[in-house]
Peer 1: 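Got a structure for you, written out below as structure tokens; questions coming shortly.
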Amino acid sequence: MSDASTNTSPAPAAPLDFIRQIVSEDLKAGRHGARVHTRFPPEPNGYLHIGHAKSICLNFGVAAEFGGLCNLRLDDTNPTKEDVEYVDSIRTDVRWLGFDWSTREFYASDYFERIYACAVTLIGDGRAYVDSLSADEIREYRGTLTQPGRNSPFRDRPIAENLSLFERMRAGEFPDGTHVLRAKIDMASPNMNMRDPTLYRIRHAHHHRTGDTWCIYPMYDFAHAISDALEGITHSLCTLEFEDHRPLYNWIIEQVPDLPGDPQQIEFARLNLTYTVMSKRKLLELVEKKIVSGWDDPRMPTISGMRRRGYTSRAIREFCARIGVAKNESLIDVALLEHSVREDLNQVAPRAMAVLKPLKVVIENYPEGQVEMMQAINNPEDESAGTRQVPFTRELYIEQDDFREVPPKKFFRLYPGNEVRLRYAYIIRCESVVKNDAGEVVEVRCTYDPDTRGGSAAGERRVKGTLHWVSSAHAVRAEVRLYDRLFTTEQPGTDDRRHFTEEMNPNALEVSRDALVEPSLATAVNGTTYQFERLGYFCADPDSTPEHPVFNRTVTLRDSWAKIEKSQNA
RNA sequence: UGGGGCGUCGCCAAGCGGUAAGGCACGGGACUUUGAAUCCCGCAUUCGAAGGUUCGAAUCCUUCCGCCCCAGCCA
């Protein structure tokens with residue numbers, strides 16, 4: 001993943017982000033035993049999205065760059081929200097992104113016994129107590145942002161009673177909500193997280209890994225700090241909203257005796273993307289209400305959705321490298337993601353010709369029944385990709401958008417009397433059109449110049465436009481799914497006068513069922529992304545069958561003509 | 001009106017007292033059998049604001065302004 005180990009030519013080092021600066025200095029100073037050990041700790045309650053990709057690239061990246069390790073840890077402390085389907089998808093997605101956690105796949109639930117022991121120790125030291133207030137009462141006692149809280153009447157229970165109660169909580173003697181274990185810190189703290197935070201709650205629920213072994217489960221703050229310490233994590237990277245939790249994190253590390261390691265929590269800004277929602281709650285809602293086809297719907301910002309759409313993991317990693325890591329709350333322009341995708345795909349995607357909205361072209365002076373095989377370049381960016389043969393005949397299809405009966409200014413595609421080049425084939429001239437009863441052009445009649453065939457003959461005539469095409473007799477019908485952004489607003493979900501689903505783009509999916517693709521695409525390999533020349537990048541979808549190929553539009557090509565036309569109409 | 005953070009170009013982001021990197025976006029041009037790609041050029045006299053310290057301030061100090069997060073037995 002990294003070539004940082006080559007000691008030959010020290011490339012002009014890109015500036016380190018603030019986290020890498022800290023890690024680098026810690027290493028230099030010999031802190032944390034001069035080690036770097038990070039972890040990526042998702043909760044298995046949904047699929048990973050592009051925001052997680054930022055965290056994954058950071059955690060695994062930092063570890064790799066500084067000769068350390070990164071664990072995959074599933075933070076599964078809430079059995080009511082978590083599921084194996086999610087842990088499977090997480091493993092798949094992190095691996096697909098290109099990262100390897102070797103055998104270091106851990107689960108917070110692996111530590112339940114040890115976390116329980118920590119709690120018992122805390123109780124024994126008088127640093128935790130069983131509270132029997134109701135949830136509502138606890139909230140009341142907590143105070144407000146400006147007013148201190150009050151001590152619970154159960155705060156000074158004798159240690160022995162706490163021990164016994166906690167043991168009975170574990171034994172399942174109490175129903176949900178009757179008791180909770182709390183840290184004894186400071187109900188007057190200006191930091192709400194320090195007002196005797198809950199450490200354990202009773203949940204008679206089946207856990208996807210521990211089954212019915214437990215009916216009490218540790219809270220995030222408690223489980224996370226202990227898990228980090230147990231795994232020897234040195235730098236515990238998380239998002240900004242946990243900044244307020246750091247004092248509690250440190251409290252736990254300090255107060256629980258005999259914990260190995262001294263992890264350091266550092267917070268960075270989460271990723272926000274324009275025209276995208278990034279909360280698992282909202283994404284789950286789209287899935288559950290069947291507003292999208294599933295977590296891997298190509299319109300979703302999930303890793304699985306982007307994969308199905310045709311994004312490459314390399315493009316996503318590059319994107320994550322470009323957005324940087326800082327503490328500013330940022331809103332990244334989705335155009336940067338699209339740029340990263342195009343940049344990678346341009347290098348690696350095989351080219352092909354496909355016509356999305358076909359318009360028939362008949363070349364009047366081309367012999368009927370004749371088939372010529374034209375040599376086409378598979379990837380001009382990669383000579384090793386070779387060439388292929390594309391059949392050319394008298395009757396072809398071109399893109400409807402490539403013909404205008406009345407051309408606008410600067411339109412140098414096909415119109416009556418004009419000449420264009422057919423890619424890898426001949427120059428043709430539009431002689432006349434055939435219209436239907438409604439007055440729509442349904443066929444374009446052309447003539448071709450036999451001397452203009454193919455690629456590179458010197459001194460050949462030049463025309464301004466080059467069109468893609470397919471042979472009527474050879475083309476394969478395909479379904480093409482044209483995706484656009486899922487939302488119409490830059491920051492969906494931030495307007496509290498309406499539900500975020502009201503900001504969805506009704507045209508986020510447009511299906512063309514009568515697209516025609518060149519014969520070589522009939523056997524397109526599922527998951528391969530092609531460039532359909534002049535249109536964009538398209539990925540063969542798993543829904544494809546040999547009789548019915550399906551392609552997802554990954555992203556369009558940049559389109560300067562669209563800009564010109566738009567400014568003309570403005 | 002408690003606490004914790006953050007304010008550098010339209011969007012990100014370097015900068016760490018010596019005179020504003022880079023990317024995206026945008027605009028212009030070259031090239032072109034993809035109006036793609038590629039290549040050039042342009043794009044912050046100024047760093048939320050105002051004072052102050054200094055030969056010198058985005059960087060140090062003071063005050064002010066704006067935005068985000070926190071009152072789950074969620075993570």
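Here is how names work: the chains are called A, B, and so on, in the same order as the sequence lines, proteins then strands, and each is numbered from 1.
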Peer 1: Identify, with sequence neighbours excluded, every residue that meets salt bridge (charged side-chain N to carboxylate O under 4.0 Å, His left out) alongside Lys81(A).
Peer 2: none
Peer 1: Could you give all pairs that pass the salt bridge (charged side-chain N to carboxylate O under 4.0 Å, His left out) test and reach residues 270-279 of chain A, with sequence neighbours left out?
Peer 2: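 Pairs touching residues 270-279 of chain A that pass the test: Glu241(A)-Arg270(A).
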Peer 1: Going by side chain to side chain donor-acceptor pair (under 3.5 Å), name the residues that satisfy it together with Arg170(A), two or more places apart in sequence or in a different chain.
Peer 2: Glu113(A)
Peer 1: Applying side chain to side chain donor-acceptor pair (under 3.5 Å), which residue pairs with at least one partner in residues 376-389 of chain A are found, sequence neighbours left out?
Peer 2: Arg351(A)-Asn379(A), Gln375(A)-Thr387(A), Asn378(A)-Arg388(A), Asp382(A)-Ser384(A), Arg388(A)-Glu518(A)
Peer 1: Between A58(B) and U46(B), how far apart are the two C1' atoms, rounded to whole Å?
Peer 2: 9 Å
Peer 1: Which heavy atom of Lys184(A) sits nearest to which heavy atom of Trp251(A), and what is that distance?
Peer 2: O-CZ2, 4.0 Å
Peer 1: Give me each pair satisfying side chain to side chain donor-acceptor pair (under 3.5 Å) with a member in residues 214-228 of chain A, each pair once, sequence neighbours excluded.
Peer 2: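 Only Arg39(A)-His224(A), Arg73(A)-Asp228(A), Asp75(A)-His224(A), Asp221(A)-His245(A), Asp228(A)-Ser236(A), Asp228(A)-Tyr249(A) qualify under side chain to side chain donor-acceptor pair (under 3.5 Å).
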Peer 1: Give me, pair by pair, the N or O atoms of the protein and of nucleotides 25-30 of chain B that are less than 3.5 Å apart, along with how far apart they are.
Peer 2:
residue: C26(B); atom: OP1; partner: Lys563(A); partner atom: NZ; Å: 3.1

Peer 1: Produce a footprint string for nucleotides 67-75 of chain B: one letter per nucleotide, 5' end first; B if the base is under 4.0 Å from any protein heavy atom, S if only the sugar-phosphate is, - if neither.
Peer 2: -BBBBSBSB
Peer 1: Please evaluate the base of G35(B) for a donor-acceptor partner in the side chain of Arg413(A) within a cut-off of under 3.5 Å?
Peer 2: yes
Peer 1: Considering only residues two or more places apart or on different chains, which pairs with a residue in residues 137-151 of chain A satisfy salt bridge (charged side-chain N to carboxylate O under 4.0 Å, His left out)?
Peer 2: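 For residues 137-151 of chain A, and leaving out neighbouring residues, the salt bridge (charged side-chain N to carboxylate O under 4.0 Å, His left out) pairs sorted by first residue read Asp136(A)-Arg139(A).
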Peer 1: Tell me which pairs pass salt bridge (charged side-chain N to carboxylate O under 4.0 Å, His left out) where either residue lies in residues 196-209 of chain A, with sequence neighbours left out.
Peer 2: Asp110(A)-Arg209(A), Arg155(A)-Asp196(A)
Peer 1: Rounded to the nearest angstrom, tell me the gap between atom CG in Asp344(A) and atom P in C24(B).
Peer 2: 15 Å
Peer 1: List the residues meeting side-chain contact (heavy atoms from CB on, under 4.5 Å) with Pro247(A), not counting sequence neighbours, and say none if there are none.
Peer 2: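 Listed in chain order: Asn191(A), Met194(A).
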Peer 1: So, using side chain to side chain donor-acceptor pair (under 3.5 Å) as the criterion, who are the partners of Asp402(A) when residues are at least two apart?
Peer 2: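 Checked Asp402(A) against side chain to side chain donor-acceptor pair (under 3.5 Å); matches are Arg413(A), Arg534(A).
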Peer 1: Take atom NZ of Lys327(A) and atom C1' of U8(B), then tell me their distance rounded to the nearest Å.
Peer 2: 18 Å
Peer 1: In Watson-Crick or G-U wobble terms, both distances under 3.5 Å, what is the partner of C24(B)?
Peer 2: G10(B)
Peer 1: For nucleotides 41-43 of chain B, print each protein N/O atom paired with a nucleotide N/O atom at under 3.5 Å, atom names and distance only.
Peer 2:
none

